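Heavy-atom basis, side chains included; hydrogens, waters and symmetry copies ignored. Just so we're on the same page: letters track the sequence lines, and every chain starts at 1. Values in this document were obtained by computation on a predicted structure and should not be read as measured data.
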Amino acid sequence: MRLGDAHDVTKETEAEELIANTEADVAACRVVEPYAMTVEKAARGLKPVSQRERIRARGPTVPYGHHKPRA
Amino acid sequence: MVLLKGDQAAQDPWIRVADEDPVPDGASALLTYDRWRRDRDRLVLRNAPLGIILHSEQSPLPIADDLPRLGLVALEFPKFTDGRPYSHARLLRQRLGYRGEVRAVGNVLRDQLLFMRRCGFNAFELPDGADVGEWCSAFDEISVFYQPAANGPPSAMDLRWPAESPAETPVSVFGMRGY
Amino acid sequence: MYRYDTLDQNLVDERARQFRGQVARRLSGELSEAEFRPLRLMNGLYLQLHAYMVRVAIPYGTLSADQMRALAYIARTWDRGYGHFTTRQNIQFNWPNLADVPDILDALAAVEMHAIQTSGNCIRNVTADAYAGVADDEVADPRVYAEIIRQWSSLHPEFSFLPRKFKVAVTGAPQDRAALRVHDIGLRLCRDSDGALGFEVMVGGGQGRTPMIGTTIRSFLPEADLLTYLEAILRVYNMLGRRDNLYKARIKILVHSLGAETFAAMVEDEWHQLEDTGPALPAHEIKRIRAFFLPPTYEDLEATVPEFEARRRQDTAFARWCQTNLARHRRSGYAIVDVSLKPEGGSPGDIMAEQMEAVADLAKRYSFGEIRVTHAQNLVLPHVKLAELSAVWEGLAAAGLETPNVGLVTDIIACPGLDFCNLANARSIPVAQRIIERFRNLDRQHDIGELRINISGCINACGHHHVGHIGILGVDRKGEEYYQITLGGSSDETASLGKVVGPSFSYDAITDAVEVIVTTYLAQRCQGERFLDTYRRVGAQPFKEDLYGIAQG
Ligand code: SF4
């Protein structure tokens with residue numbers, strides 16, 4: 001699941017509805033814990049407002065193992 | 001509710017009596033600690049079996065003198081994460097020498113049965129529809145216990161150092177594996 | 001080292017099998033995440049920002065070369081080629097698949113290791129002095145008792161659902177290298193006036209949201225009473241510790257609210273009643289365990305080795321490394337080697353699979369096959385001959401592990417922070433990296449001298465910021481990373497908690513702020529003073545003035 005596939009909604013009730021719709025995926029273990037996050041519309045798609053969600057979406061900002069972070 | 005005694009499903013003869021209700025004559029009555037305290041003088045005159053249910057914040061020490069009259073002490077787990085009843089069960093068995101039924105009620109999970117039994121519980125209220133055989137298989141998952149227990153198989157210490165032969169070297173369990 | 005007998009082995013095997021069943025039930029959907037959660041947490045399996053994380057116990061920080069190899073194998077096979085050593089002497093793998101975790105536990109069991117009780121509200125993996133058995137100031141080897149406690153606490157039926165997690169540390173020396181006073185229980189081995197062995201027992205230390213320094217509740221506990229006394233402490237805590245508020249559930253809050261004296265009296269009372277039914281610790285069992293920790297067969301060596309001295313004179317790089325990365329061994333002709341996991345550009349505590357193997361090889365050839373993990377996230381080769389230090393240094397250098405900075409400003413303790421951790425407010429690792437880069441000049445590091453910087457990404461304090469000489473705590477300001485600085489913390493035998501120096505700094509300003517603090521110290525220090533000494537003498541004021549430009553109250 002990527003940010004590019006995101007549904008963006010503006011109302012909290014819509015977000016709750018979306019989360020409720022993931023129940024089948026949760027039951028089938030395709031998804032562990034769905035939740036909503038706040039984003040802003042950037043030039044190229046959506047950008048999470050909090051640093052946490054940016055890192056969750058893009059991975060660690062530091063090299064680890066043999067992996068180098070994306071610029 | 002399914003009652004597990006030892007490792008078998010059992011009928012439950014105990015009737016849980018709400019604090020305002022009359023205590024039924026001739027039946028096994030399970031009362032709260034508060035009810036017991038309030039009506040103790042009358043209740044001791046009864047002929048039928050009596051049991052007390054303790055919430056997780058109620059230590060069994062205050063009912064120490066009453067234990068000879070009690071056929072059942074039920075310890076309630078309001079949440080499985082509330083571990084106080086484990087201590088209370090050990091106090092009942094090891095400090096107070098209680099030999100009657102100690103029952104786990106409330107949020108009882110399969111993967112905690114083994115801990116409960118080690119602490120001295122010998123009866124367990126399982127959720128509706130629980131497969132008793134499957135739940136009991138939890139008892140067999142771990143066979144090694146480092147701690148002395150209120151009941152159950154001997155501890156690692158007992159196996160390493162049997163009482164009859166306090167020898168200089170521990171017994172056969174000392175077979176070391178090589179890499 | 002301790003070796004499992006068939007009982008110990010059966011337990012970890014059965015435990016791994018049990019967890020395999022639980023994972024299967026989870027993957028088939030029979031268990032929900034909510035039901036699975038307590039089960040996985042009892043096996044050190046967390047759900048982190050990007051993936052599951054497995055935390056493997058390294059009891060009292062002691063590893064054999066073969067165990068280190070197994071960790072390398074796990075890192076390469078089921079993770080992304082590396083592991084992360086923590087401040088509690090454990091190792092974490094950040095990228096396993098849930099379906100592979102049972103195989104990881106089997107691979108651990110094959111080398112007498114496990115992930116039992118590395119999470120959850122139970123007695124966590126016991127930590128100890130990383131120099132146990134080799135330190136020249138040691139009274140007795142704490143690993144003997146740490147192993148006894150490991151066994152007693154493993155799957156303890158009464159204490160697996162405590163109000164909160166519970167951490168025990170043991171040392172055998174007056175110098176505290178295990179942060180005893182910030183543990184739920186700290187045990188310091190000592191002798192009474194008759195020469196009998198026992199413990200000073202400290203209770204109620206801790207970090208997190210409400211940091212506290214532990215109080216001694218018994219100055220001498222005979223060794224035979226260790227387990228009954230621990231059982232008494234745990235029982236009082238289990239029955240009376242708060243369960244209504246997560247942040248008030250640690251034993252430190254109970255000790256604080258009752259008062260240490262009252263708490264101690266309750267423990268003593270419980271302990272006397274436990275005499276007959278508690279877990280006995282007969283002398284023959286202590287003897288059995290002690291036999292595993294007898295010193296290896298050292299050679300009789302001269303205290304000075306001419307080749308070693310000559311190389312130190314000629315080779316500055318080697319000399320530098322010797323200056324910071326060696327500690328005095330109790331045997332003449334041997335040294336304790338600290339292996340820094342804080343290179344420039346690295347993440348504190350991280351180590352690649354190939355590096356683990358290099359350390360394992362060096363341990364096998366030069367250190368009786370033994371390795372230790374320190375609470376500062378470094379490794380130790382505990383017994384290296386002075387004559388072989390050159391070879392060890394070259395071997396380490398070949399693996400990129402020769403960073404000569406142990407105890408210096410760049411030997412930073414840092415938790416995984418926001419790059420990996422679900423609970424974090426801010427990143428820790430890149431902050432550490434920037435500071436390491438800023439102070440990369442070795443002459444300058446040596447001039448600054450002993451200085452510990454500790455960084456935590458949130459108030460949980462896994463990076464021990466409260467006890468850093470300079471502590472850095474990540475805070476969240478409207479989704480942005482900020483850092484609060486504390487000064488004057490210490491986790492040694494003079495333990496103290498750092499005090500907040502003032503308003504927090506942004507991600508981009510924090511490195512400069514650290515540099516200002518170091519510059520202030522250099523300007524203020526007297527001859528021979530370490531950072532901590534200077535801070536304790538002059539207080540926070542000069543640092544505040546230099547950091548914030550104005551005199552603050
Ligand atoms: S201190 Fe906070 S951010 Fe760092 S590892 Fe612990 S919980 Fe995570």
Next on the checklist: Counting only non-hydrogen atoms closer than 4.5 Å, does C:Ala291 touch chain B with its backbone (N, CA, C, O), its side chain (CB onward), both, or neither?
Outcome noted: neither

Next on the checklist: Would you say CZ of B:Arg37 has more than 12 non-hydrogen atoms from neighbouring residues, nucleotides or ligands within 6.0 angstrom?
Outcome noted: no

Item to check | Greatest number of heavy atom pairs closer than 4.5 Å to chain C - which of B:Leu109, B:Asp82, B:Leu114 | outcome: B:Asp82

Checklist entry - Any side-chain heavy-atom pair from C:Met239 and B:Leu91 closer than 4.5 angstrom? => result yes

Item to check | Greater than 12 external heavy atoms within 6.0 Å of C:Arg25's CZ | outcome: yes

Checklist outcome for this item: For B:Trp161 and C:Glu285 the tightest heavy-atom approach is NE1-OE1, 2.6 Å

Item to check | Contact class of B:Phe145 relative to chain C, heavy atoms under 4.5 angstrom | outcome: neither

Checklist entry - Would you find more than 12 non-hydrogen atoms of other residues, nucleotides or ligands less than 6.0 Å from C:Arg20 atom CZ? => result yes

Item to check | B:Asp65, CG atom: more than 12 neighbouring heavy atoms under 6.0 Å | outcome: no

Item to check | Residue C:Leu234 versus chain B: region with a heavy atom under 4.5 Å | outcome: neither

Item to check | Side-chain donor/acceptor of C:Glu14 to backbone N/O of B:Ser143, under 3.5 Å | outcome: yes

Checklist entry - CD1/B:Ile142 to CZ/C:Arg17 distance, rounded to the nearest 0.5 angstrom? => result 9.0 Å

Checklist entry - Any idea which of C:Asn10, C:Asn121, C:Leu162, C:Leu39 has the most non-hydrogen atom pairs under 4.5 angstrom with chain B? => result C:Leu39

Item to check | Which portion of C:Arg150 sits near chain B, non-hydrogen atoms under 4.5 angstrom | outcome: side chain

Item to check | Carboxylate-amine/guanidinium proximity below 4.0 Å for B:Arg110 and C:Glu35 | outcome: no

Checklist entry - Which atoms form the tightest heavy-atom contact between C:Ser154 and B:Gln147, and what is the distance? => result O-NE2, 2.8 Å

Checklist entry - Mind checking whether C:Leu155 and B:Arg118 have side chains closer than 4.5 Å, heavy atoms only? => result no

Checklist entry - For B:Gln11, does the CD atom have more than 12 heavy-atom neighbours from other residues, nucleotides or ligands under 6.0 Å away? => result no

Checklist entry - Between B:Arg90 and C:Thr277, what is the shortest heavy-atom contact and its length? => result NH2-O, 4.3 Å

Next on the checklist: If you define the side chain from C-beta out and look only at heavy atoms, does anything of C:Arg243 sit under 4.5 Å from B:Lys79?
Outcome noted: no

Item to check | Interface moiety of C:Asp8 toward chain B, non-hydrogen atoms closer than 4.5 Å | outcome: both

Next on the checklist: How long is the straight-line distance from NE2 of C:His156 back to CZ of B:Phe115, given to the nearest 0.5 Å?
Outcome noted: 10.0 Å

Checklist entry - Between atom OG1 of B:Thr81 and atom CG of C:Leu41, what is the distance when rounded to the nearest 0.5 Å? => result 12.0 Å

Checklist entry - Under a 4.5 Å heavy-atom cut-off, does chain C meet the side chain of B:Glu57, its backbone, both or neither? => result neither

Item to check | C:Tyr247 atom OH, neighbour heavy-atom count above 12 within 6.0 Å | outcome: no

Checklist entry - If you draw a 6.0 Å radius around CG in B:Asp19, do more than 12 non-hydrogen atoms from other residues or ligands fall strictly inside? => result yes

Next on the checklist: Report which part of C:Pro282 has an atom under 4.5 Å of a heavy atom belonging to chain B: side chain, backbone, both, or neither.
Outcome noted: side chain

Checklist entry - Got a second to check how far C:Arg288's CZ is from B:Met157's CE, nearest 0.5 Å? => result 8.0 Å

Checklist entry - Does any N or O in the side chain of C:Glu158 come within less than 3.5 Å of the main-chain N or O of B:Tyr86, such that one atom is a donor and the other an acceptor? => result no

Next on the checklist: I'd like to know whether OH of B:Tyr33 has more than 12 heavy-atom contacts from other residues, nucleotides or ligands below 6.0 angstrom.
Outcome noted: yes

Checklist entry - Are the side chains of B:Arg160 and C:His284 in touch, meaning some heavy atoms are under 4.5 Å apart? => result no

